[in-house]
Amino acid sequence: MKKDDLIEIVIEDLGVDGEGIGKTDGITFFVKDTVIGDRVEAKIMKMKKTYGYARLMRILEPSPARVEPRCAYARQCGGCQLQAMSYEAQLAYKVNKVWNHLTRIGGLTGLPKPEILGMEDPWRYRNKAQFPFGTDKDGHAVTGFYAARSHRIVPCTECWLGVEENRPILEKILNHMEKRRIPAYEEESGKGLVRHVLIRKGFSTGEIMVCLVLNGRTLPGLSALTASLKQVEGMTSISINVNQKNTNVIMGREMIPVWGKDYITDRIGEISYQISPLSFFQVNPVQTRKLYETALEYADLKGEETVWDLYCGIGTISLFLAQKAGRVYGVEIVPEAIEDARRNAALNGFSNVEFYVGKAEEVLPEKYRSEGIRADVIVVDPPRKGLSPAVVDAMAQMAPERIVYVSCDPATLARDIGLLREKGYVLHTTKAVDMFPRCAHVETVVLLS
Ligand code: SAH
């Protein structure tokens with residue numbers, strides 16, 4: 001088999017970015033834009049020793065899971081990797097992915113297929129959007145999304161994952177740029193003014209935030225644009241973020257308030273959070289609530305317990321736990337996130353939570369050695385790379401009755417469960433939560449004791 005050959009292939013699985021995977025003559029091929037169960041004709045683009053990449057040419061027999069994508073840009077955009085798959089099939093795929101990893105990597109035999117908490121309405125779930133601005137070949141300002149693996153902007157003001165307010169806000173900004181002849185930022189030359197707009201909505205409060213990311217400190221006719229944006233229902237905060245660096249990083253460090261508050265408020269369950277343009281906040285608040293409620297249920301708190309929340313971010317899980325625990329300690333590496341966590345703890349009147357800035361693998365062993373800290377329950381929510389061995393060791397030494405592991409990567413979760421089982425922990429319950437419908441990612445919560 002060589003480049004440009006046509007192959008016929010049945011898609012059996014999906015890769016990390018949602019690309020279809022199938023085998024022919026013992027060779028594995030990755031074929032974008034396919035769905036599990038499709039029989040397709042594909043053209044080989046690149047061959048390696050044991051695998052290759054091929055481009056979809058023709059669907060010979062569509063998978064029963066195949067649906068017409070709702071969004072006309074689904075294939076170009078690459079933001080939604082699973083739009084051509086029915087929602088039921090997406091959920092089944094995610095359950096299988098978790099189960100396969102736990103069984104194969106974690107060595108857990110006889111594990112039942114976990115439950116998955118899906119969304120009732122799996123569209124418009126994102127509370128945050130960042131749209132880039134550019135100029136089309138006729139010199140007009142455009143906004144939309146970057147075409148896959150490039151910084152070419154495909155004009156589009158409607159995204160089915162984002163809130164409906166995104167569109168009028170983007171159109172107001174584009175009209176204003178057109179009328180005042182305000183140039184969009186150009187990456188190559190570093191010239192031009194408008195780089196991005198960040199839009200956020202508090203789903204439980206209806207509050208909306210617009211933050212213009214500029215290669216400068218102000219915008220011609222700013223008060224006219226502000227007056228127009230204020231007409232959008234729920235508008236609460238308008239600001240400018242200054243980013244004059246030649247970088248792919250979207251936001252700069254300096255914020256200039258323009259109108260209204262410099263934050264919006266949202267609630268997850270009973271807890272309120274103040275969110276500023278630079279704060280991290282989970283993007284799917286509906287599913288986040290289900291995730292945290294599951295973590296809280298697994299923690300099974302009676303009111304007296306000492307709980308550690310490692311990798312706590314802005315303390316969202318910590319505050320959830322603090323409702324039912326005696327004392328909660330959060331650990332997080334990003335100092336700004338801990339500032340948010342402390343502010344949100346105060347906002348909600350919690351006095352039983354304490355936060356530490358630092359690496360979990362340093363803070364936990366250090367506190368254990370020097371202060372002999374203990375824990376009834378430890379909750380962890382690490383980034384994709386999972387727990388470092390030092391954290392696993394310190395946790396085992398502290399010997400909490402229960403460990404609740406929230407994971408965004410089933411492969412490292414499976415590895416870490418293996419390590420914790422070696423320390424004597426037993427896996428009790430596994431639940432998956434669909435935080436990102438249409439995307440290949442899956443979140444998992446497990447209880448070990
Ligand atoms: N539990 C939070 C955030 C989880 S994301 C929530 O639900 O909102 C993982 C967090 O781990 C990030 O905030 C990241 O900054 C933090 N992090 C990454 N490496 C870390 C480390 N070595 N020690 C402590 N925190 C770390």
Side-chain angles (χ1 to χ4, degrees), residues 117 125-128 200 202-203 249 251 266-269 271-276 278-299 307-323 325 328-345 347-348 353-368 373 375 377-395 403-410 412-413 416 431-436 441-446:
L117 302 176
Y125 61 79
R126 283 188 63 100
N127 59 10
K128 172 185 171 183
R200 275 180 147 162
F203 275 29
V249 178
M251 308 282 287
D266 200 6
R267 275 190 304 276
I268 296 180
I271 316 276
S272 298
Y273 301 92
Q274 284 182 0
I275 310 153
S276 43
L278 293 173
S279 317
F280 170 83
F281 195 64
Q282 292 276 2
V283 297
N284 182 338
V286 172
Q287 293 302 91
T288 297
R289 179 177 181 167
K290 294 181 192 167
L291 181 73
Y292 292 175
E293 279 171 352
T294 305
L296 188 59
E297 179 197 320
Y298 287 0
V307 185
W308 281 76
D309 176 19
L310 307 180
Y311 312 89
C312 70
I314 60 161
T316 24
I317 297 181
S318 319
L319 299 188
F320 237 71
L321 297 163
Q323 300 175 97
V328 180
Y329 299 94
V331 183
E332 161 63 43
I333 199 169
V334 176
E336 291 83 5
I338 291 292
E339 276 170 38
D340 280 346
R342 289 185 179 134
R343 194 169 44 121
N344 287 323
L347 174 73
N348 289 281
V353 207
E354 217 171 302
F355 293 102
Y356 300 108
V357 180
K359 293 183 180 168
E361 60 272 30
E362 288 172 6
V363 173
L364 199 66
E366 212 278 311
K367 294 269 163 205
Y368 179 70
I373 52 144
V377 179
I378 298 182
V379 178
V380 296
D381 183 6
R384 303 195 70 173
K385 68 174 190 249
L387 302 177
S388 73
V391 171
V392 175
D393 287 341
M395 281 166 61
I403 295 173
V404 180
Y405 193 140
V406 181
S407 157
C408 54
D409 185 337
T412 55
L413 170 68
D416 293 343
K431 205 180 264 186
V433 183
D434 191 21
M435 297 282 276
F436 309 105
H441 287 281
V442 58
E443 203 88 3
T444 314
V445 197
V446 305

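As the structure lists them, so they are numbered: ligands from 1, and atoms in each ligand from 1. In this text the structure is predicted, and so the values were computed from the model without any measurement.
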Next on the checklist: Under 3.5 Å, is there a donor on one side chain and an acceptor on the other for Thr316 and Tyr292?
Outcome noted: yes

Checklist outcome for this item: Chain-and-number sorted residues having a heavy-atom contact under 4.0 Å with ligand 1 are Phe280, Gln282, Tyr292, Tyr311, Cys312, Gly313, Thr316, Ile317, Glu332, Ile333, Val334, Gly358, Lys359, Ala360, Glu361, Asp381, Pro383

Checklist entry - Excluding sequence neighbours, so at least two apart, what forms side-chain contact (heavy atoms from CB on, under 4.5 Å) with Pro285? => result Asn127, Phe203, Asp266

Checklist entry - Should the pair Trp308 and Tyr329 be assigned to parallel (<30°), tilted (30 to 60°) or perpendicular (>60°) ring geometry? => result parallel

Next on the checklist: Please check this pair: side chain of Asn284 against backbone of Met435, looking for a donor-acceptor N/O pair closer than 3.5 Å.
Outcome noted: yes

Checklist entry - With side chains defined as the heavy atoms from C-beta onward, is the minimum distance between Pro365 and Asp393 less than 4.5 Å? => result no

Next on the checklist: Just so I know, are the side chains of Gln323 and Ile271 near enough to count as touching, which here means a heavy-atom distance under 4.5 Å?
Outcome noted: yes

